[in-house]
Amino acid sequence: QVQLVESGGGLVQAGGSLRLSCEASGRTLGRYIMGWFRQAPGMDKEFVAAISWSGGITRYADSVKGRFIISRDNAKSTVFLQMNSLKPEDTAVYYCNSVDYAGTGVRPLGGWGQGTQVTVSS
């Protein structure tokens, strides 16, 4: 069973940048669409970004469009999330998962890892 391990979170000031990584162990990413989600305190997990197997098709939540960039390196079984122009409202635990598209939504397919905390100070 694939295990996804997120890393790269931290504390950053508003306007700053962070790059998150999600590495798969136990197997490759395969041909899965991969996505990032986040969960702020007291809130449900929400979709952030997704990327096709080839990397040619990406999808973003409106709240991060133009600021975040999702990418992947299939040879390294790793998915990245470059986060720029960070805002305090981006503060959350960030998770990755394999996904599929259900209508206009994005549905996570696997279990959740431990996530990585991102805290943006104002």
Side-chain angles (χ1 to χ4, degrees):
Q1 183 176 355
V2 64
Q3 181 179 4
L4 300 172
V5 180
E6 302 91 346
S7 63
L11 173 63
V12 64
Q13 287 189 329
S17 297
L18 282 174
R19 190 192 196 207
L20 306 184
S21 298
C22 168
E23 184 173 1
S25 62
R27 49 170 280 189
T28 67
L29 295 176
R31 290 185 175 266
Y32 286 106
I33 302 169
M34 295 298 297
W36 284 95
F37 295 78
R38 66 187 181 186
Q39 186 170 26
M43 306 291 285
D44 292 333
K45 281 189 180 71
E46 65 172 356
F47 167 72
V48 175
I51 187 167
S52 63
W53 172 79
S54 68
I57 300 174
T58 56
R59 182 183 288 194
Y60 297 93
D62 288 343
S63 59
V64 306
K65 213 172 280 185
R67 299 189 297 122
F68 290 11
I69 301 171
I70 187 171
S71 61
R72 65 193 290 166
D73 184 335
N74 291 329
K76 296 182 178 179
S77 298
T78 304
V79 183
F80 304 98
L81 186 68
Q82 177 67 43
M83 306 188 298
N84 302 318
S85 302
L86 282 161
K87 304 175 181 180
E89 51 263 44
D90 294 318
T91 295
V93 179
Y94 284 71
Y95 303 86
C96 66
N97 209 328
S98 55
V99 303
D100 68 5
Y101 297 134
T104 58
V106 180
R107 180 179 63 177
L109 296 178
W112 298 104
Q114 85 287 350
T116 186
Q117 175 71 49
V118 171
T119 303
V120 185
S121 63
S122 57

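Residues take their numbers from the sequence shown, with the count starting at 1. Just so you know, these numbers use all the heavy atoms, side chains as well, and skip hydrogens, waters and symmetry mates.
Of the residues listed (Val64, Val106, Leu81), the one engaging Trp36 in a side-chain contact (heavy atoms from CB on, under 4.5 Å) is Leu81, and it is the only one.
Taken from OH in Tyr32 to CG in Leu109, the straight-line distance is 7.0 Å, to the nearest 0.5 Å. The line from CD1 of Ile33 to CZ of Arg107 is 11.0 Å long, rounded to the nearest 0.5 Å.
Put simply, the side chain of Val79 does not reach to within 4.5 Å of the side chain of Cys96, judged on heavy atoms. At a threshold of 4.5 Å between non-hydrogen side-chain atoms, the residues Arg67 and Tyr60 do not count as touching. Contact check for Val118 versus Val93: no side-chain heavy atoms found under the 4.5 Å cut-off. By the 4.5 Å heavy-atom criterion applied to side chains, Leu20 and Met83 are counted as neighbours. Within the 4.5 Å cutoff, the side chain of Asp44 has no heavy atoms near those of the Phe37 side chain. A heavy-atom distance below 4.5 Å is not found between the side chains of Gln114 and Tyr95. You'll find the side chain of Leu18 reaches within 4.5 Å of the side chain of Leu86, heavy atoms only. Looking only at side-chain heavy atoms (C-beta outward), Tyr94 and Gln117 stay at 4.5 Å or farther from each other.
Cation-pi geometry between Arg59 and Tyr101 is met: the NZ or CZ atom falls under 6.0 Å from the ring centre, inside 45° of the normal.
A search for side chain to side chain contact (heavy atoms under 4.5 Å, CB included) contacts involving Arg19 returns Phe80, Gln82, not counting sequence neighbours.
In this structure, the side chain of Thr116 engages the main chain of Gly9 through a donor-acceptor pair within 3.5 Å. Remark: the backbone N or O of Gly113 is not paired with any side-chain donor or acceptor of Gln3 at under 3.5 angstrom. Without hydrogens or angle criteria, Arg72 side chain to Ser52 main chain gives a donor-acceptor distance under 3.5 Å.
When only modelled atom types and interatomic distance are considered, Asp73 and Thr78 share no side-chain donor-acceptor pair under 3.5 Å.
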**Request:** Evaluate the criterion salt bridge (Lys or Arg N to Asp or Glu O under 4.0 Å) for residue pair Lys87 and Asp90; output intermediate values, then yes/no.
**Result:** CA-CA 5 Å; Lys87 304 175 181 180; Asp90 294 318; over 6 Å; no
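The pair Arg38-Glu46 counts as a salt bridge, with a side-chain nitrogen and a carboxylate oxygen less than 4.0 angstrom apart.
Nearest heavy-atom pair, Asn74 versus Leu29, reported as atom, atom and distance to 0.1 Å: OD1-CD1, 4.1 Å.
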